[in-house]
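Contents: one structure, followed by commentary.
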Amino acid sequence: MRRPTPVGRVGRIMRSRIRRHPTAERARHTKTSPGQHDPRACYSTRPNPTPQIAMPELPEVETTRRGIAPHIEGRTVTEVAIRQPKLRWPVSEPLAAAIQGKRLREVGRRGKYLLLGFDSGTALIHLGMSGSLRIVKPDEPPRFHDHFDIAFGNRVLRYCDPRRFGCLLWVESDPYGHSLLASLGPEPLGEDFTPEYLFQRSRKRRVPIKQFLMDSKTVVGVGNIYANEALYMAGIKPIRKASTLTKRQSELLVAQIRFVLQRSIDQGGTTLRDFVGGDGQPGYFKQQLLVYGRGTEPCKQCGKALKEIRMNNRTTVYCTDCQR
DNA sequence: ACAAGCACCTGAAAGC
DNA sequence: TGCTTTCAGGTGCTTG
């Protein structure tokens with residue numbers, strides 16, 4: 001089916017929207033005209049193995065953090081190369097100059113954001129839907145979608161993102177006060193994410209429970225895959241209104257969310273070597289998923305065909321018998 | 001405050 | 001076979 005094209009007044013308004021982040025620098029990107037420098041000229045030629053697209057959910061981001069941290073923490077930035085500044089928001093203009101010669105204190109994480117903490121300022125990195133980071137040697141030629149490098153001597157942190165939904169922003173003040181992080185809900189593996197919290201928070205919410213869980217203001221790091229899995233394991237139907245959640249179900253749900261995320265992080269630990277010289281992709285997609293991606297295959301508990309629907313434009317899979 | 005829907009992007013898959 | 005269209009999805013923003 002053809003995508004509806006916005007028409008009339010509303011369409012004009014939508015088309016005229018400017019893509020920017022309110023607190024991000026308003027870097028302007030003029031189109032490259034003939035004769036001008038084409039940023040893509042920096043890339044090696046296109047025929048390289050297409051990077052596998054894995055959806056980075058919280059376990060992937062945490063594994064990435066653990067994978068890159070030992071190689072770059074405590075080291076000093078020797079060079080920054082931005083080949084493609086047009087990510088979800090323009091790469092912060094002052095970033096390269098700001099971190100040049102600076103020492104990286106630590107690699108932190110808040111939700112799905114990675115925080116490269118320097119002595120003065122923080123680089124915020126989000127992997128979007130298809131982003132990945134890996135450590136390469138300085139002489140390794142960039143592939144087609146390798147959009148930026150941050151070099152630490154002989155170790156280069158390289159960012160690849162075919163769909164460019166990720167971002168690289170420079171924040172000089174307290175990063176946790178930045179608008180992207182300030183309103184985030186609790187960490188799912190932290191002590192603030194309790195059954196009581198989830199229960200109270202869901203009281204007046206009429207949206208489907210799955211959508212409620214995927215809202216980063218409720219809890220961070222629960223994307224489509226893990227929302228499907230956790231709801232299946234907790235025996236809760238994704239389309240139910242959040243407000244119908246019982247206290248007992250809140251307990252089950254919190255426990256299952258913690259379980260599926262922790263298990264994935266544990267499994268990711270076995271693929272850390274992939275971050276150096278490899279493709280930078282943790283091997284999560286190999287893990288066994290109970291419902292996500294199984295379409296209408298039989299439920300692993302009762303054998304009945306799973307149901308696949310679209311909810312809020314997201315694929316949702318559940319068992320009509322095991323989930324109530 | 002809450003809810004709904006769009007935008008961003010491009011490789012892969014499906015459709016013709 | 002080859003071209004065109006649709007789908008996938010995280011998440012901030014705008015509108016209702």
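A note on names: the letters A, B, ... follow the listed sequences, proteins ahead of strands, and every chain is numbered from 1.
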Want to settle it: does A:Asp161 or A:Lys204 sit nearer the 5' end of DNA chain B, counting the closest nucleotide to each?
A:Lys204
Can you tell me how far C1' of B:dC6 sits from CZ of A:Arg310, to the nearest Å?
14 Å
For A:Tyr113, answer base if it contacts any base atom (sugar-phosphate contacts may also be present), sugar-phosphate if it contacts only those atoms, and nothing otherwise; contact means non-hydrogen atoms under 4.0 Å.
sugar-phosphate
Can you find a donor-acceptor pair, distance only, under 3.5 Å between A:Arg164 side chain and B:dT10 base?
no
Tell me whether A:Arg109 is salt-bridged to A:Glu62, with the criterion being a basic N under 4.0 Å from an acidic carboxylate O.
yes
Below 4.0 angstrom from OP1 or OP2 of C:dG9, is there any side-chain N or O of A:Tyr292?
yes
Tell me whether the OP1 or OP2 atom of C:dT11 has a side-chain N or O from A:Lys112 closer than 4.0 Å.
yes
Starting at CG of A:Leu87 and ending at C1' of B:dA7, how long is that distance when rounded to a whole Å?
16 Å
hbond_proxy A:Arg163 side chain to C:dG10 base (donor-acceptor, 3.5 Å cutoff):
no
Which of these nucleotides, B:dA7, B:dA3, B:dG11, is closest to any side-chain atom of A:His145?
B:dG11
With A:Tyr318 as partner, the option from A:Ile236, A:Asn228, A:Val291, A:Ile239 fulfilling side chain to side chain contact (heavy atoms under 4.5 Å, CB included) is A:Ile239
In terms of the angle between their ring planes, are A:His147 and A:Tyr159 parallel, tilted or perpendicular, with boundaries placed at 30° and 60°?
tilted
For C:dG12 and A:Ser179 - does any side-chain N or O of the residue sit under 4.0 Å from the phosphate oxygens OP1/OP2?
no
Expressed in angstrom and rounded to an integer, what is the separation of A:Met311 atom CE from B:dG5 atom C1'?
15 Å
Tell me the interatomic distance from A:Asp215, atom CG, to C:dT11, atom P, rounded to whole angstroms.
11 Å
Polar pair under 3.5 Å, donor/acceptor by atom type, side chain A:Arg314, base C:dT11:
yes
What is the distance from OH of A:Tyr226 to C1' of C:dG9, rounded to the nearest Å?
15 Å
So, A:Arg248 and A:Glu251, do they make that salt bridge, N to O below 4.0 Å?
yes
Assess whether a salt bridge exists between A:Lys112 and A:Glu60, defined as any Lys/Arg side-chain N lying under 4.0 Å from an Asp/Glu carboxylate O.
no
Residue A:Arg206, side-chain heavy atoms: nucleotide from B:dG11, B:dA3, C:dG12 that is nearest
B:dA3
Spacing of A:Arg88 atom CZ relative to C:dG12 atom C1', expressed in whole Å
5 Å
So, is A:Ser216 near the phosphate of C:dG12, with a side-chain N or O under 4.0 Å from OP1 or OP2?
yes
Side chain to side chain contact (heavy atoms under 4.5 Å, CB included) with A:Phe148: of A:Ile82, A:Asp161, A:Val80, A:Leu95, only one passes, and it is A:Ile82
Taking atom P of B:dA4 as reference, at what distance in whole Å does atom NZ of A:Lys210 sit?
14 Å
Rounded to whole Å, the CE-P distance (A:Met129 to C:dT11) equals 10 Å
pair_partner(C:dT1), Watson-Crick or wobble, both distances < 3.5 Å, evaluates to none
Are the ring of A:Phe165 and the base ring of C:dT11 both nearer than 5.5 Å at their centres and tilted by less than 30°?
no
